[in-house]
Student: 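A single structure is presented below for examination.
Residues: numbered from 1 along the sequence shown.
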Amino acid sequence: MSSREPSYRTLRLLCANGAGMVGFLLAYAVGRGLATALVAGLLVAAIGYVASSAVAEYAGA
């Protein structure tokens, strides 16, 4: 077994995916514009990926 720290990349991607989907659905429900909803979903997914460091830190504890 390796003694290196896990990166939790999959967990971070799942958090980003979930946040992006919620952002997309909310933006589409409010604005009814597909392009706007896609941009909002991508922005929320990026924020979710960065914020998932807290989730990964909790999982590592």
Student: Can you name the closest pair of heavy atoms from Ala27 and Ala37 and give their distance?
Tutor: CB-CA, 3.8 Å
Student: Please report, to 0.1 Å, the donor-acceptor pairs under 3.5 Å made by any side chain of residues 48-55, with sequence neighbours excluded.
Tutor:
unit_1: Ser52; atom_1: OG; unit_2: Tyr49; atom_2: O; d: 2.6
unit_1: Ser53; atom_1: OG; unit_2: Val50; atom_2: O; d: 3.3

Student: Give me the other members of the hydrophobic cluster that Leu14 sits in, counting Ile, Leu, Val, Met, Phe, Trp and Tyr linked by side-chain heavy atoms under 4.5 Å, directly or via other members.
Tutor: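 Under the 4.5 Å side-chain rule, Leu14 groups with nothing.
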Student: Under the rule for side chain to side chain contact (heavy atoms under 4.5 Å, CB included), what residues qualify as partners of Leu38, not counting sequence neighbours?
Tutor: Phe24, Leu34
